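Let me begin by presenting the structure, written as structure tokens, before commenting on it.
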Protein chains: 2
Amino acid sequence: MTVKPYHHGDLREQLLIAGELALAELPIAKVSLREIARRAGVSHAAPKHHFTSMADLLGEIAARGFDKFIVALGNAAEQSKRQTGEDRLLAMGRAYLRFADQNPAVYGLMFGQVSKMSMTPSLTKSSYEAWTQLESAVAQITGPTQAPIGATYVWSSVHGLSMLKAARRLPPHVSLHAVEEDNLRIMVAGLREL
Amino acid sequence: MTVKPYHHGDLREQLLIAGELALAELPIAKVSLREIARRAGVSHAAPKHHFTSMADLLGEIAARGFDKFIVALGNAAEQSKRQTGEDRLLAMGRAYLRFADQNPAVYGLMFGQVSKMSMTPSLTKSSYEAWTQLESAVAQITGPTQAPIGATYVWSSVHGLSMLKAARRLPPHVSLHAVEEDNLRIMVAGLREL
DNA sequence: CTCAAATCTTGACAATGAAAACATTTAAAG
DNA sequence: CTTTAAATGTTTTCATTGTCAAGATTTGAG
């Protein structure tokens with residue numbers, strides 16, 4: 001019944017970690033399955049026994065990204081639990097933007113085109129949990145009936161800003177830091193009008 | 001002084017068109033430089049004389065995407081020029097969402113990671129023009145001083161929804177069509193609170 | 001201990017982006 | 001018109017990639 005049954009250690013876990021490090025360190029074009037295997041110290045075909053494909057591996061990394069994402073937003077919510085629902089949502093929004101800034105590659109994977117990565121069961125599960133978490137925070141402001149539409153709005157608004165920043169599509173005369181607080185503030189205001 | 005100086009026709013233009021068609025027809029993973037050359041009826045190395053790299057070609061396609069995008073939003077603005085600024089912004093938002101829906105691959109390119117595509121001068125120029133267009137529409141509601149922050153907010157909000165839809169990250173219990181109008185409505189409400 | 005399953009390696013394959021060497025067409029200069 | 005250099009295309013080559021198949025090794029169940 002041992003869970004780590006073979007000589008190398010837990011290669012599956014090592015590959016996931018190596019993949020996350022590679023995504024953090026290298027330009028995305030240089031992140032290959034073989035490069036990840038290299039970093040894990042195994043042959044280029046070894047991953048096949050743990051992931052059916054490159055897309056499968058990336059899907060798992062994205063799922064783990066959502067798990068960390070949930071923790072980051074959960075911490076922000078926890079630390080502001082004495083405050084109003086709106087302030088808590090602001091705190092979560094800041095945590096969201098910080099996560100995207102600090103984990104650009106994984107974040108890009110989490111919300112990227114489905115083609116490059118498999119929709120693994122754990123990815124579906126983790127992304128759904130992230131959604132539920134946000135919907136709960138919004139429900140405390142709007143009530144449960146309006147929560148789905150409110151959560152969609154909040155997520156769209158914060159996610160859009162993250163993406164525009166990451167893709168460098170905001171014009172130079174827009175101050176990135178100032179724009180974040182303004183955006184979050186307007187977002188909350190919009191939610192009030194729901 | 002002829003502008004089309006060689007025997008094949010205007011290969012540069014043909015490659016761009018072939019690339020756009022390939023992006024529209026094929027899964028993104030199958031869109032390669034060689035596939036595009038194949039579709040244009042030339043050897044796989046021919047593109048080198050018109051585009052320094054695959055990323056360069058994709059950058060140009062993204063730039064042309066922005067040009068079409070500008071036209072689409074401009075048409076929406078034109079058709080609603082008798083209406084209020086807010087209604088015009090709503091019309092532009094709908095056009096935005098429609099463009100993203102109808103051109104998923106090019107749209108993904110336009111706002112995708114910079115790594116896969118070069119920031120060519122025409123891409124910088126076209127994306128900046130798109131921004132200016134939106135900022136003008138927002139300025140008619142908020143006044144010029146608040147326009148940059150308002151435009152950032154509006155773009156974030158609509159862009160985020162587009163991305164979440166394209167990446168299929170909205171949970172199944174959220175009605176895609178209903179959510180669009182709601183989102184745009186809240187967006188305008190938020191702008192009022194600016 | 002035996003032996004089959006799980007795990008890992010080696011070797012192969014087709015496809016890719018890029019670059020170099022070469023051929024052809026174009027058009028400018030005399 | 002002829003010469004000639006630049007622009008445009010092709011062929012060939014190269015390193016790299018994801019995937020697969022075949023073989024080797026380790027593991028653990030019986």
Side-chain angles (χ1 to χ4, degrees), chain A residues 1-19 22-23 25-62 105 109 112-120, chain B residues 1-19 22-23 25-62 105 109 112-120:
Chain A
M1 258 301 273
T2 47
V3 178
K4 299 180 179 184
Y6 71 100
H7 84 290
H8 175 277
D10 190 1
L11 181 56
R12 183 187 155 88
E13 177 71 15
Q14 302 275 5
L15 287 169
L16 289 170
I17 293 174
L23 282 170
E25 294 171 6
L26 300 176
I28 191 86
K30 307 284 291 182
V31 178
S32 66
L33 185 57
R34 288 165 106 108
E35 169 64 21
I36 294 173
R38 238 171 267 139
R39 286 172 172 245
V42 292
S43 78
H44 64 262
K48 203 63 193 295
H49 293 275
H50 302 276
F51 304 96
T52 63
S53 68
M54 174 81 179
D56 187 34
L57 203 177
L58 292 180
E60 286 301 302
I61 291 180
L109 215 55
Q113 301 298 69
V114 187
S115 51
K116 180 131 196 177
M117 128 199 88
S118 295
M119 253 311 198
T120 67
Chain B
M1 258 301 275
T2 49
V3 177
K4 299 181 177 182
Y6 71 99
H7 83 291
H8 175 276
D10 189 4
L11 181 54
R12 183 186 156 89
E13 178 70 15
Q14 301 276 5
L15 287 169
L16 289 169
I17 292 174
L23 282 170
E25 294 171 5
L26 300 176
I28 190 88
K30 307 285 291 181
V31 178
S32 65
L33 185 57
R34 289 164 105 108
E35 169 64 22
I36 294 174
R38 235 171 271 138
R39 286 171 173 247
V42 292
S43 79
H44 61 261
K48 206 60 192 298
H49 293 277
H50 301 276
F51 303 97
T52 63
S53 68
M54 173 81 179
D56 186 35
L57 203 176
L58 293 180
E60 286 302 301
I61 291 180
L109 215 56
Q113 301 299 70
V114 186
S115 51
K116 181 130 196 175
M117 129 201 85
S118 296
M119 251 314 196
T120 67

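Keep in mind the model is a prediction, meaning the values are calculated, not measured. Every chain is numbered from 1, with letters handed out A, B, ... down the list of sequences.
- Computed from coordinates, the B:Arg39 CZ to C:dT16 P distance equals 12 Å when rounded to whole Å.
- In this structure, A:Lys30 does not pair ionically with A:Glu25, as no charged nitrogen and carboxylate oxygen lie closer than 4.0 Å.
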- request: Any chance you could lay out the side chain to side chain contact (heavy atoms under 4.5 Å, CB included) test for A:Ile36 and A:Gln14, step after step, and finish with the verdict?
  value: CA-CA 9 Å; A:Ile36 294 173; A:Gln14 302 275 5; over 6 Å; no
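- Here D:dT17 presents its P atom at 14 Å from CD1 of A:Ile28, a figure rounded to the nearest Å.
- Every salt bridge (Lys or Arg N to Asp or Glu O under 4.0 Å) that B:Arg38 has, sequence neighbours left out, goes to B:Glu35.
- Between B:Leu11 and B:His50 there is a side-chain heavy-atom pair separated by less than 4.5 Å.
- If you measure from atom CG of B:Asp56 to atom P of C:dA18, you get 10 Å, rounded to the nearest angstrom.
- In terms of position on DNA chain D, the residue among A:Ser32 and A:Thr52 whose nearest nucleotide sits closer to the 5' end is A:Ser32.
- Rounded to whole Å, the distance from CG on B:Leu15 to P on C:dG17 is 13 Å.
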Could you run down the sub-3.5 Å N/O contacts of the protein with nucleotides 10-13 of chain D?
{"from": "D:dT10", "atom 1": "OP2", "to": "B:Ser43", "atom 2": "N", "distance (Å)": "2.7"}
{"from": "D:dT10", "atom 1": "OP2", "to": "B:Ser43", "atom 2": "OG", "distance (Å)": "3.0"}
{"from": "D:dT12", "atom 1": "O4", "to": "B:His44", "atom 2": "NE2", "distance (Å)": "2.7"}

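- Between B:Lys48 and C:dG17 there is no side-chain polar atom (N or O) within less than 4.0 angstrom of OP1 or OP2.
- Between A:Leu26 atom CG and B:Ser115 atom OG the span is 12.0 Å, to the nearest 0.5 Å.
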Fill in: Worked verdict on A:Phe51 versus A:Leu16 for side chain to side chain contact (heavy atoms under 4.5 Å, CB included)
CA-CA 10 Å; A:Phe51 304 96; A:Leu16 289 170; 3.7 Å; yes
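- Rounded to an integer number of Å, the gap from A:Met54 CE to D:dT16 P is 16 Å.
- In this structure, A:Leu33 places its CG atom 16 Å from C1' of C:dT16, rounding to the nearest Å.
- Following rounding to the nearest Å, B:Lys116 (NZ) and C:dG17 (P) show an atom-to-atom distance of 8 Å.
- One atom, CG of A:Leu58, and another, C1' of D:dG18, lie 12 Å apart when rounded to the nearest Å.
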